[in-house]
Amino acid sequence: MVKLNDNYLKLPGSYLFSEIAKRVSAFTEANPDKKVIKLGIGDVTLPLTKSVIEAMHKAVDEMGAAATFRGYGPEQGYEFLRKAIAENDYCARGADIAPDEIFVSDGAKSDTGNIGDIFSVDNKVAVCDPVYPVYVDTNAMVGRAGDFNAETGMWNNLIYMPCLEENGFLPELPKERADIIYLCFPNNPSGVAMKRDELKKWVDYANENKSIILYDGAYEAYISEEDVPHTIYEIEGAKTCAIEFKSFSKNAGFTGTRCGYTVIPKELKVNGVEVRSLWNRRHTTKFNGTPYVTQRAAEAVYSPEGKEEVKGLIKYYMENAKIISDGLKKAGFTVYGGVNSPYIWLKVPQGMTSWEFFDYLLEKVNVVGTPGSGFGPSGEGYFRLTAFGSRDNTLEAIDRIVKTFEQ
């Protein structure tokens with residue numbers, strides 16, 4: 001008889017954003033006359049920029065001619081893109097990362113979920129709480145998280161690091177030794193950033209304990225403060241303890257185009273084994289490479305014109321963030337984030353759970369956000385709104401919220 005992976009049966013309910021989509025769909029079907037504004041999922045709304053589109057068109061033309069057609073490419077990514085990433089995202093910031101330490105993929109979500117393949121299920125994993133659900137769910141799927149406790153909302157084999165209002169929504173070093181540590185900064189969902197001195201503590205901890213930091217920098221392009229590092233490799237010692245994940249989704253609008261990358265320095269070793277070589281083996285076995293057309297589009301992001309266009313996209317979304325933040329404060333909410341990140345983290349009204357607030361906003365205000373409890377137990381009592389909506393929808397949504405809640 002065929003046996004299933006029982007770890008999947010332990011997963012509680014559905015994936016957070018699937019549940020949100022289910023509730024929104026039910027509401028819109030029952031209320032077809034209502035205009036629902038979605039500020040929940042972090043999906044961009046501005047179109048791809050001129051430089052990116054031109055690069056894609058050129059690449060498509062190349063694929064249509066025998067002399068320039070390309071079949072299977074290098075699974076790790078074409079040299080032209082890996083070199084552009086190394087030069088612009090790392091060397092320009094004083095981080096010595098080589099092109100062959102970069103692995104191009106279809107996005108940070110895939111890589112942060114798949115990276116666990118190269119680590120033993122016996123490793124002790126630490127996650128922030130609240131946290132991006134993919135980190136927890138993918139560890140649960142392979143059995144590394146243990147069993148789920150429905151009463152606490154926690155997995156019994158994970159180390160939870162509460163990120164609370166009183167500690168600035170930043171995790172504290174775990175008292176119990178952790179083998180693998182997930183950090184996402186600027187943070188999803190809270191929107192807060194970790195400053196250089198604080199991140200140095202984590203790098204030192206990882207090196208001292210022979211741990212590995214899995215550092216998700218998907219929102220790096222939104223950093224505005226000087227003392228917030230754009231890559232963990234700006235921190236001395238990070239190359240011997242950290243793997244970094246980045247994406248073109250949120251800076252260049254590639255959520256539908258799909259392109260990201262993972263960095264594993266050669267210096268990162270476990271018991272003398274180069275971690276990079278294991279990921280290379282996994283990557284080349286289970287992944288056939290990001291499409292050529294997409295990689296040419298990503299390369300265009302680093303052109304002089306592309307860089308200016310990306311600045312324009314980020315400026316637009318951060319203006320949305322300010323509109324949301326200012327409006328929520330006017331309506332009497334306590335608000336965090338929105339400075340180094342396109343996410344706004346707010347306290348829900350007293351007496352409501354985060355899911356009750358979700359339902360209230362959907363039914364009474366016709367605005368969709370993300371309940372904090374969906375990101376972990378410490379997210380209860382909070383709510384996330386995204387600045388990735390259109391300007392008109394953002395203004396209308398905040399106007400509705402202000403009119404509903406302003407005292």
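Bear in mind that the values here come from a model prediction, so they are computed numbers and not experimental data.
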Contacts table for residues 159-166: side-chain donor-acceptor under 3.5 angstrom, sequence neighbours left out:
| unit_1 | atom_1 | unit_2 | atom_2 | d |
| --- | --- | --- | --- | --- |
| Tyr160 | OH | Trp155 | N | 2.8 |
| Glu165 | OE1 | Lys347 | NZ | 2.9 |
| Glu165 | OE2 | Tyr336 | OH | 2.2 |

Using 4.0 Å as the upper bound for N to carboxylate O, is an ion pair formed by Lys269 and Glu274? no
Ion pair check, Lys10 and Asp147, cut-off under 4.0 Å: yes
Do Asp100 and Lys266 meet the salt-bridge criterion of a basic N to acidic O distance under 4.0 Å? yes
Are Phe375 and Tyr135 an aromatic pair, judged by ring center distance below 6.0 Å? no
Charged N to carboxylate O below 4.0 Å: is that the case for Lys124 and Asp179? no
Run the salt-bridge test on Asp227 and Lys195 with the 4.0 Å N-O cut-off and return the result as yes or no. yes
For the residue pair Tyr317 and Tyr222, does the interplanar ring angle fall in the parallel (under 30°), tilted (30 to 60°) or perpendicular (over 60°) class? tilted
Under-4.0 Å salt bridge between Glu308 and Lys311: yes
Side chain proximity check, Cys259 to Asp106, heavy atoms < 4.5 angstrom: no
Exactly one of Phe333, Tyr343, Phe169, Phe358 should register a ring pair (Phe, Tyr, Trp, His ring centres under 6.0 Å) with Tyr382. Which one does? Phe169
Looking at the rings of Tyr182 and Tyr215, which for Trp means the six-membered one, are their centres under 6.0 Å apart? no
Check: Phe103 ring centroid to Tyr261 ring centroid under 6.0 Å: no
Salt-bridge contact Asp89-Lys246 (side-chain N to carboxylate O under 4.0 Å): no
State whether Glu101 and Arg276 are salt-bridged, where the test is any N-O pair (Lys NZ or Arg NE/NH1/NH2 against Asp/Glu carboxylate O) under 4.0 Å. no
Between Tyr316 and Arg391, is there a cation-pi geometry (under 6.0 Å to ring centre, at most 45° from the normal)? yes
